[in-house]
Amino acid sequence: MLQQTQVATVIPFFNRFLKRFPDVRTLAKARVDTVLHHWTGLGYYARARNLHRAAQIIQSEHAGIFPVCFDDVLALPGIGKSTAGAILSLAFHQSYPILDGNVRRVLTRFYAISGDVSSVKNQEKLWSLIQHLVPSKGGSAAAFNQAMMDIGATVCIRRKPKCLTCPIRSHCQARALGSADSLPTPRKSRVRLRRMITMVILFDPRGRVLLERRPSKGVWGGLWSFPECVLDADIEKWCESALGVSATFRHALPSIKHGLTHFMLEIHPALLTVSARDSDKLLSQDREWVRPEAVGKKGLPVPVKNILNQIDIQKNDPDR
DNA sequence: AACGCGGGGCA
DNA sequence: TGCCCAGCGTT
């Protein structure tokens, strides 16, 4: 589920995504690179991979028809209890609850539940509450779930909730106690560290750059990016030892700051040229020489996409 | 600059 | 089973 305010920016994206992958079959048979390409900039790239895998499972195990049994939906990658409930109640009018961030906030205020929302105890409490609250009639469950999410998204918002216009204010315990503003109990924040890396941007004699596919787990999983080395490394030596090629340093681009969940990444792009005899050595299934202006259907992290654009602009700028 | 999202993966 | 993780938009 997305925050209400994010929906407007995401809708054009989904329209494009749906145009490219209009049905399960199209998505299932697409290459994962193509799917990631159309997901570029949205973040949480594991979601795109899960969506793709789910389509393949629906295609192979459910004859291309989206399953309507809770356990089958839950078994799809990327779908947990809440999302399964959302699909079955909203799309198929079955009686299952949704417990997303919005609903969770409404409940913790309505019942004045304090303490860490994500603790096992509170999770059980919230699931138990919402399971008892959801109407047993499927059509009513859909309306109820939608209403709960709408209240959370528009009235019972995280900061400065609009209690005065809330349709369920008369029975809200947090409002009675005057504690709506301080619930849900904020989780303790973590320090976000800073990490600095060098992105090694290798050019071959034909002006193409080297991209490599990142591991499917971790940051930018499955996306294509530049090789990386630690900031204070001798980059030419690093190319020799890590990549087995001789490369000549050309120049550096201004550093880029990019925020990720648990750290702030400071990227220092360095441009190098690989000798003609070595450029073929780098080719593999997960490494490709690409023209900066024609990367093709690959998923790219936002900063990598920006760097490629920048390189392309510089190349076509006669002043450079 | 801080925060939260719904779920997966790994001790 | 409890924890840690992701990339973006909003505030």
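Each chain gets a letter, A, B and so on, in the order the sequences are listed, and its residues count up from 1. Every value quoted in this text rests on a predicted model; they were computed, and no experiment measured them.
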Pairing residues for [X] by the side-chain hydrogen bond (donor to acceptor under 3.5 Å, both in side chains) criterion, not counting sequence neighbours:
| X | value |
| --- | --- |
| A:His268 | A:Glu266 |
| A:Ser182 | none |
| A:Ser89 | A:Asn145 |

Checklist line | Phosphate OP1/OP2 of C:dC8 contacted by A:Tyr45 side-chain N/O (<4.0 Å) | finding: yes
Margin query: C:dT10, OP1 or OP2 - any side-chain N/O from A:Arg158 closer than 4.0 Å?
Written below: no
Margin query: Could you work out, with side chain to side chain contact (heavy atoms under 4.5 Å, CB included) as the rule, every residue matching A:Ala142, not counting sequence neighbours?
Written below: A:Leu90, A:His93
Figure out the [atom1]/[atom2] separation between [X] and [N], and round it to whole Å.
| X | N | atom1 | atom2 | answer |
| --- | --- | --- | --- | --- |
| A:Arg105 | B:dC3 | CZ | P | 15 Å |
| A:Ile157 | C:dG9 | CD1 | C1' | 16 Å |
| A:Met264 | C:dC8 | CE | P | 12 Å |

Item checked: Carboxylate-amine/guanidinium proximity below 4.0 Å for A:Asp33 and A:Arg213 -> yes
Short N/O separations, protein against nucleotides 7-9 of chain B, under 3.5 angstrom:
{"from": "B:dG7", "atom 1": "OP1", "to": "A:Gly80", "atom 2": "N", "distance (Å)": "2.9"}
{"from": "B:dG7", "atom 1": "OP1", "to": "A:Gly80", "atom 2": "O", "distance (Å)": "3.4"}
{"from": "B:dG7", "atom 1": "OP1", "to": "A:Thr83", "atom 2": "N", "distance (Å)": "2.7"}
{"from": "B:dG7", "atom 1": "OP1", "to": "A:Thr83", "atom 2": "OG1", "distance (Å)": "2.1"}
{"from": "B:dG7", "atom 1": "O5'", "to": "A:Gly80", "atom 2": "N", "distance (Å)": "3.1"}
{"from": "B:dG8", "atom 1": "OP1", "to": "A:Gly78", "atom 2": "N", "distance (Å)": "2.7"}

Next item on the list: Take atom P in C:dG9 and the same atom in B:dG8, then report the distance between them in whole Å.
Entry: 23 Å
Checklist line | Selection residues 215-241 of chain A - residue pairs positive for salt bridge (charged side-chain N to carboxylate O under 4.0 Å, His left out), sequence neighbours left out | finding: A:Arg214-A:Glu228
